Amino acid sequence: MNETLIRALSGAVYVVLLVTATLYSRESFLLLFGLFLLQTVNEFSNLVKLNKIQALILSVLFFVNFTYFSKSEFSNWILVSISIFTLLLLAKWLFEIQSKPVVFSNWGLLIGYIIIPFIVIAKLAYISSGTVVSHFPHIVIGVFILIWTNDTFAYLVGKNFGTTKLFERISPKKTVEGFLGGMLFAVIAGFIISQYYVTLLPFWQWIVIAVAVSVFGTVGDLVESKFKRIAGVKDSGSIMPGHGGILDRLDSIIFVAPFVYLFLKIIEYVS
């Protein structure tokens, strides 16, 4: 079968599964992202040579506890703080020569870079109003739409108009023009989402989220690319024909989710 067709079909199945499970119910949403987490942990363990059984057990304990049982706002702030600290250091690591972030053990990376962001993705769907917490899965879909829009147009603009390399040492194909094109179309998509899909959040908040998606999503992709270069592999896995692994598909949302969550929480408290 044609490679492009395989890639298109694989991507379509992924999108339909993600959208359907996210919107169908809270349980199907958590189940899908729990499975995504397990596969991502499996792939990341291969990249950095972690004990898979121990890593999978740790991820299950964290995910189940902080999505089903722990409802503490304080614990949410602790988790997000740990994750953002980890992600910022990983962003700094992009510019360094070291083969791995020297301030972390691989177990620390697993928790701060992989496990906690998945927990935060699950929490993005919840909005508090006073003492009432409501489930709005469309927010998660909105963020994914922005990521897909940014990735698609960054590729198209970069391929057709890109001349200035963005970060050639890590990702030779990325260009500044592609990055700016992706951001522009993500902002346009953010406006459309604010008007016709998730009107719960005002226009300006979706624009901020769109810019965050473009910036942090690109950094997330570069960070994962550096891990793969060090490991000497093209893809993190092969579970998605034509696309690679689940980590390859979710490297952007892993970086984006904690910053978007922090932004929404700050707005919630200010309001």
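The figures here come from the full heavy-atom set of this structure, side chains too, leaving out hydrogens, waters and symmetry mates. All values derive from a computational prediction rather than experimental measurement.
Looking only at distances, no side-chain donor or acceptor of Thr22 sits under 3.5 Å from a matching main-chain atom of Val19. When atom types are taken as modelled, the side chain of Glu177 and the backbone of Thr164 share a donor-acceptor pair closer than 3.5 angstrom. Remark: the backbone N or O of Pro137 is not paired with any side-chain donor or acceptor of Arg26 at under 3.5 angstrom. Judged by distance alone, the side chain of Thr20 and the main-chain N or O of Leu17 form no donor-acceptor pair under 3.5 Å. A donor-acceptor pair is defined here as one N or O able to donate and one able to accept, closer than 3.5 Å; such a pair exists between the side chain of Ser194 and the backbone of Phe191.
Inter-residue side-chain proximity for Pro258 and Leu87 is flagged as met; some heavy-atom pair is nearer than 4.5 Å. A heavy-atom distance below 4.5 Å is not found between the side chains of Leu156 and Phe185. Side chains of Asn76 and Tyr261 form a contact here, defined as non-hydrogen atoms less than 4.5 Å apart. Counting only heavy atoms from C-beta outward, the side chains of Lys228 and Lys234 never approach each other to under 4.5 Å. No side-chain heavy atom of Tyr126 sits under 4.5 Å from any side-chain heavy atom of Phe136. For the pair Thr175/Phe161, no side-chain contact is recorded, criterion being any heavy-atom separation below 4.5 Å from C-beta on. The closest side-chain heavy-atom distance from Ile111 to Leu58 is below 4.5 Å. Side-chain atoms of Ser45 and Asn51, non-hydrogen and from C-beta on, never get closer than 4.5 Å to each other.
Ring geometry for Phe259 versus Phe216: interplanar angle under 30°, hence parallel rather than tilted (30 to 60°). Tyr113 and Phe255 have perpendicular rings, their planes meeting at more than 60° on a 0 to 90° scale where under 30° would count as parallel. In this structure, Phe62 and Phe66 have tilted ring planes: the angle between them lies in the 30° to 60° band. Between His138 and Tyr197, the ring-plane angle classifies as perpendicular under the 30° and 60° cut-offs.
More than 12 heavy atoms of other residues, nucleotides or ligands lie within 6.0 Å of NZ in Lys165, so this atom counts as buried by the packing criterion. In the displayed structure, Tyr155 atom OH is contacted under 6.0 Å by at most 12 heavy atoms of other residues, nucleotides or ligands.
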Step by step, would you call Tyr68 with Leu30 a side chain to side chain contact (heavy atoms under 4.5 Å, CB included)? CA-CA 9 Å; Tyr68 277 98; Leu30 291 177; 3.8 Å; yes

Could you go step by step and tell me if Gln195 and Phe203 meet the side chain to side chain contact (heavy atoms under 4.5 Å, CB included) rule? CA-CA 7 Å; Gln195 299 301 305; Phe203 159 71; 4.2 Å; yes

Go through Phe44 and Asn106 one step at a time and tell me if the side chain to side chain contact (heavy atoms under 4.5 Å, CB included) criterion holds. CA-CA 10 Å; Phe44 186 71; Asn106 287 337; 5.7 Å; no

How far apart are the C-alpha atoms of Leu264 and Ile209, what are their side-chain angles, what is the distance that settles it, and do they pass the side chain to side chain contact (heavy atoms under 4.5 Å, CB included) test? CA-CA 9 Å; Leu264 292 177; Ile209 293 172; 4.2 Å; yes

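Follow the hydrophobic side-chain contacts under 4.5 Å out from Leu23 and you reach Ile121 in the same cluster. Note on Val48: it does not cluster hydrophobically with Ile57, by side-chain heavy-atom contacts below 4.5 Å among ILVMFWY residues. In this structure, Trp204 is a member of the same hydrophobic cluster as Trp206, with clusters built from ILVMFWY side-chain heavy atoms closer than 4.5 Å. In this structure, Leu262 is a member of the same hydrophobic cluster as Ile267, with clusters built from ILVMFWY side-chain heavy atoms closer than 4.5 Å. Cluster membership for Leu146 and Phe263, using ILVMFWY side-chain heavy atoms within less than 4.5 angstrom, is shared.
Here the CG atom belonging to Leu37 is positioned 9.5 Å from the OG1 atom belonging to Thr67, to the nearest 0.5 angstrom. Within the model, atoms NZ of Lys173 and CD of Glu168 stand 13.0 Å from one another, a figure rounded to the nearest 0.5 Å. For the atom pair OG (Ser171) and NZ (Lys226), the distance works out to 13.5 Å, reported to the nearest 0.5 Å. In this structure, CG in Leu47 is found 11.5 Å from CG in Leu109, a value given to the nearest 0.5 Å. Note that the CD1 atom of Ile145 and the CG atom of Asn150 stand 13.5 Å from one another [nearest 0.5 Å]. Taken from CG in Leu35 to CD in Gln39, the straight-line distance is 10.0 Å, to the nearest 0.5 Å.
When the ring pair (Phe, Tyr, Trp, His ring centres under 6.0 Å) test is applied to Trp148, the partners found at least two apart in sequence or on another chain are Phe144. Ser236 meets the side-chain hydrogen bond (donor to acceptor under 3.5 Å, both in side chains) test with Glu43, Asp248; sequence neighbours excluded. With sequence neighbours left out, Thr199 forms a side-chain hydrogen bond (donor to acceptor under 3.5 Å, both in side chains) with no residue at all.
Judged purely by distance below 3.5 Å, without hydrogens or angles, the side chains of Thr86 and Ser83 never pair a donor atom with an acceptor atom. Judged purely by distance below 3.5 Å, without hydrogens or angles, the side chains of Asp221 and Ser252 never pair a donor atom with an acceptor atom. Looking at Lys52 and Asn42, their side chains do bring a donor and an acceptor atom within 3.5 Å of each other.
Closest non-hydrogen pair, Ala212 versus Val256, comes out as O-CG2, 4.2 Å. Shown here for Ala55 and Val41, the closest heavy-atom pair between the two residues is CB-CG1, 3.6 Å. Nearest heavy atom pair, residue Leu90 against residue Val223, reads O-CG2, 3.8 Å. A pairwise comparison of heavy atoms in Ser28 and Ala21 identifies OG-O, 2.6 Å as the closest pair. Heavy-atom minimum distance, Leu79 versus Ile116: O-CG2, 3.3 Å. When all heavy atoms of Arg169 and Glu96 are compared, the closest pair comes out as NH1-O, 3.9 Å.
With a 6.0 Å cutoff to the six-membered ring centre and a 45° limit on the axis angle, Lys265 does not count as a cation-pi contact of Trp77.
Taking the six-membered ring for Trp, Phe63 and Phe33 have ring centres at least 6.0 Å apart.
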